[in-house]
Amino acid sequence: MLDSMSYEPFYTSGVCSQEAIGLHAGWVCHRGSFADCLPIWNEAGDICLLFSGEHFADPADAQGLSAAARASSGENASSLVHQYEEMGTTPFLQSLNGWFSGLVVDLRERKCVLFTDRYGLGRVYVHESPTAFWFASEAKALLKVLPGLRTLDPSSLSEFFSCGCVLQNRTLFAGLSVLPGGSVWTFRPGRQPQKDFYFRCGAWEEQPRLDAAGYYTQLKETFARVLPRYFRSAGRLGISTTGGIDSRMILAWAPSGGHQTCYTFGGPYRDNRDVVLARQVAKICHRPHETILVDQDFIREFPSLAEKAIYVSDGTMDVSGSIDLYVNKLAREIAPIRLTGNYGSEILRGHIAFHPVSLQEELFEPAFRRLLRSAEETYARESQGSRLSFIAFKQLAWHHYPRLAPEQSQLTPRSPYLDNALVALAYRAPADLAATDRLLLAIVAQGNPQLGEIPTDRGIVSRPVLTTYARRLFQELTFKAEYMYDYGMPQWLARLDHALARLHLESCFLGRHKFHHFRVWYRDQLHDYVKDILLDPQTRSRPYFRGAALDDMVADHIRGDRNYTLEIHRALTCELVQRQLIEQQ
């Protein structure tokens with residue numbers, strides 16, 4: 001199990017077994033990371049903690065604890081065991097703040113406590129058999145030792161094709177599920193596990209709303225208070241910077257005295273808006289800036305990167321995760337910790353990041369088409385209720401975790417926008433006030449007035465003038481034009497673009513906002529790989545595909561008069577899951 005998860009040279013691992021209570025556990029982590037101090041025992045040797053992820057302590061929460069427990073705000077997890085020892089299970093888990101999972105071995109009470117963070121980003125896969133309970137932070141570790149699980153679940157597969165992820169805390173693999181966010185499962189010898197939650201989102205949903213002025217003031221004060229936690233680090237920390245608001249807020253309120261390097265991901269056509277604006281932002285903040293380019297090296301390495309992205313993410317991320325592996329591997333050379341503005345638009349502006357999509361139905365067997373429609377119905381049911389709760393407690397775990405998985409295989413990502421205090425406050429926003437871009441830019445301007453004057457990648461500024469609207473219209477048009485010339489190209493436009501192929505119209509639109517362009521890459525540089533995988537007799541014989549339709553889809557996309565980018569993403573991913581996680585274990 002450990003070997004299957006140890007796929008980078010900077011990983012370290014170990015084992016902790018307690019025969020008396022029937023426990024055998026191990027761990028893998030990045031050398032020098034927050035969790036690189038395992039196993040963590042108390043002085044009496046009767047409590048042990050295995051911890052994966054990070055905890056961003058609030059000094060106020062440590063009042064009343066011993067000096068050893070208060071040291072949990074330090075640079076690794078070594079003192080968290082004292083916090084558990086003094087607080088007890090539920091208060092200890094409620095005090096944790098970050099993305100994590102863990103296991104407490106309490107020999108005093110002859111029990112083990114398995115837990116996840118509130119949002120489920122510290123993923124734990126589980127399987128229960130009549131004789132044992134199996135768990136791991138990566139599915140491949142369980143597939144390695146439980147060959148009976150190496151079967152794709154058709155309903156989960158249909159959700160992956162339709163929604164880009166599996167819903168309801170299920171997985172692609174039959175008999176394998178994931179613990180929901182906020183879970184605490186307690187195990188004692190000879191007893192059934194006690195399955196409970198230490199946190200439920202209803203606690204935040206029931207808070208009273210604030211008025212607009214009160215919300216603005218508390219949001220500014222809360223962000224300024226929690227942000228320094230995310231800059232604490234024993235090692236180097238880099239700041240992933242874009243042209244948007246969320247990373248700019250981080251820089252506007254960053255603790256003084258830091259000279260962390262900023263970096264931005266760029267593409268092969270031109271400096272995109274993120275690169276251009278991030279350079280300006282970094283210069284104003286007196287920080288160095290680097291551009292990490294996705295160039296021909298990525299194209300050459302795509303086959304191995306795509307296969308590794310599938311393996312690393314247990315098939316949760318499609319082959320576009322190859323980009324995340326590539327840029328985050330380069331980012332690690334700058335710093336092993338990456339501070340980002342990820343999830344800011346979701347938490348503070350209520351952005352729904354995924355929906356069911358319409359795929360080419362002829363590609364699938366009739367029985368599988370019915371499952372695709374069922375996937376849409378499942379999504380519709382799950383998305384009812386509080387919009388923010390859907391985002392924080394479903395979308396993060398189901399949709400955002402897959403992209404996080406390849407990222408965190410290379411470095412340690414951090415984001416202040418999932419701080420418990422900030423998410424709790426987001427529930428108190430006035431019902432008639434979604435935290436608009438201009439409100440957040442006003443907070444940016446209060447932290448650093450110069451940053452408030454720079455337009456975002458979509459042309460928004462804190463104090464608009466007449467020219468602002470023209471600039472914003474232009475940026476919106478170029479953004480939508482790029483989407484139309486990439487993933488979102490409608491079939492009528494694909495036919496027109498093919499007829500005008502000699503003009504290479506894509507060079508006019510691509511690269512203004514995005515740094516990856518799979519529609520064109522699949523058509524041109526990567527078409528041999530696409531054909532090798534998808535036209536292979538093994539792929540064509542899968543029970544969910546219609547082989548002849550698969551042939552037509554590949555031929556039409558490579559010829560350039562149709563756009564099947566998403567279908568190729570999903571089909572390549574599904575086949576690589578079969579080959580790497582099911583057939584080659």
Side-chain angles (χ1 to χ4, degrees), residues 54-64 70 72-73 94-99 118-119 199 201 203-233 237 239 241 244-258 260 281 284-285 339-351 388-389 391-392 414-454 456 460-463:
E54 293 193 290
H55 164 55
F56 300 97
D58 183 347
D61 293 339
Q63 293 180 4
R70 287 198 301 271
S72 63
S73 61
Q94 291 175 341
S95 74
L96 294 177
N97 183 25
W99 320 335
R118 300 180 186 211
Y119 313 107
F199 177 82
C201 61
W204 284 346
E205 291 177 346
E206 295 167 359
Q207 298 177 101
R209 296 276 187 173
L210 295 167
D211 60 29
Y215 178 67
Y216 173 84
T217 299
Q218 288 208 27
L219 180 59
K220 179 188 64 176
E221 292 175 351
T222 301
F223 188 78
R225 174 170 56 86
V226 305
L227 184 60
R229 305 172 191 174
Y230 295 84
F231 278 83
R232 287 199 296 262
S233 170
L237 181 147
I239 305 175
T241 314
I245 297 172
D246 302 318
S247 62
R248 196 176 303 183
M249 261 179 73
I250 291 173
L251 287 168
W253 291 90
S256 60
Q260 298 87 358
V281 168
I284 288 172
C285 296
L339 181 59
T340 81
N342 287 352
Y343 319 121
S345 63
E346 287 77 15
I347 298 301
L348 297 182
R349 299 194 289 287
H351 177 59
L388 184 52
S389 291
I391 291 169
R414 292 179 177 177
S415 173
Y417 292 101
L418 291 187
D419 191 275
N420 290 344
L422 202 61
V423 180
L425 178 60
Y427 276 88
R428 304 193 65 191
D432 60 348
L433 173 70
T436 64
D437 291 338
R438 297 205 194 285
L439 179 146
L440 298 178
L441 276 172
I443 294 177
V444 170
Q446 278 207 268
N448 186 323
Q450 287 182 277
L451 295 186
E453 299 299 321
I454 300 176
T456 71
I460 305 167
V461 293
S462 59
R463 292 184 297 175

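If you're wondering where the values come from, they're calculated on a predicted model, not measured in any experiment.
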Residue pair [X] / [Y], side-chain heavy-atom distance below 4.5 Å:
X	Y	answer
E206	Y427	no
I391	Y119	no
R229	D58	yes

Find the distance between [atom1] ([X]) and [atom2] ([Y]) and round it off to the nearest 0.5 Å.
X	Y	atom1	atom2	result
L440	I245	CG	CD1	5.5 Å
L348	I443	CG	CD1	8.0 Å
H55	S95	NE2	OG	5.5 Å
L237	R232	CG	CZ	12.0 Å
D211	R428	CG	CZ	10.0 Å
L219	L422	CG	CG	6.0 Å

Self-check item: With sequence neighbours excluded, residues passing side-chain contact (heavy atoms from CB on, under 4.5 Å) with T340
Solution: S240, R338, N342, S415

Self-check item: Identified side chain to side chain contact (heavy atoms under 4.5 Å, CB included) counterpart of L339 within the set L251, T241, I250
Solution: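 That would be I250.
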
Quiz item: Under the side chain to side chain contact (heavy atoms under 4.5 Å, CB included) criterion, do R209 and Y215 qualify, and how do the steps go?
Solution: CA-CA 9 Å; R209 296 276 187 173; Y215 178 67; over 6 Å; no

Practice problem: Walk me through it: do C285 and L451 pass the test side chain to side chain contact (heavy atoms under 4.5 Å, CB included)? | Solution: CA-CA 9 Å; C285 296; L451 295 186; 3.8 Å; yes

Quiz item: Which is it for V423 and R118 under the side chain to side chain contact (heavy atoms under 4.5 Å, CB included) test, yes or no, and what are the steps along the way?
Solution: CA-CA 11 Å; V423 180; R118 300 180 186 211; over 6 Å; no

Taking all atoms of both residues into account, what is the closest heavy-atom pair of [X] and [Y], and its distance?
X	Y	result
D246	Y417	O-OH, 2.7 Å
W253	A224	CE3-CB, 3.6 Å
R248	V281	NE-CG2, 3.8 Å
P430	A212	CG-N, 3.6 Å

Would you check if the side chain of [X] reaches a backbone N or O of [Y] as a donor-acceptor pair within less than 3.5 Å?
X	Y	result
R225	A421	no
E221	Q218	no
N97	D419	no

Quiz item: Within 45° of the ring axis of Y230 and under 6.0 Å from its six-membered ring centre, is that where the NZ or CZ of R414 lies?
Solution: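 No.
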
Self-check item: Aromatic plane relationship, W99 with Y343 - under 30° parallel, 30 to 60° tilted, over 60° perpendicular
Solution: perpendicular

Quiz prompt | Residues forming a side-chain hydrogen bond (donor to acceptor under 3.5 Å, both in side chains) with N448, sequence neighbours excluded | solution = none

Quiz prompt | Residues that E205 engages under side-chain hydrogen bond (donor to acceptor under 3.5 Å, both in side chains), provided they are two or more places apart | solution =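 Result, side-chain hydrogen bond (donor to acceptor under 3.5 Å, both in side chains) vs E205: S389.
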
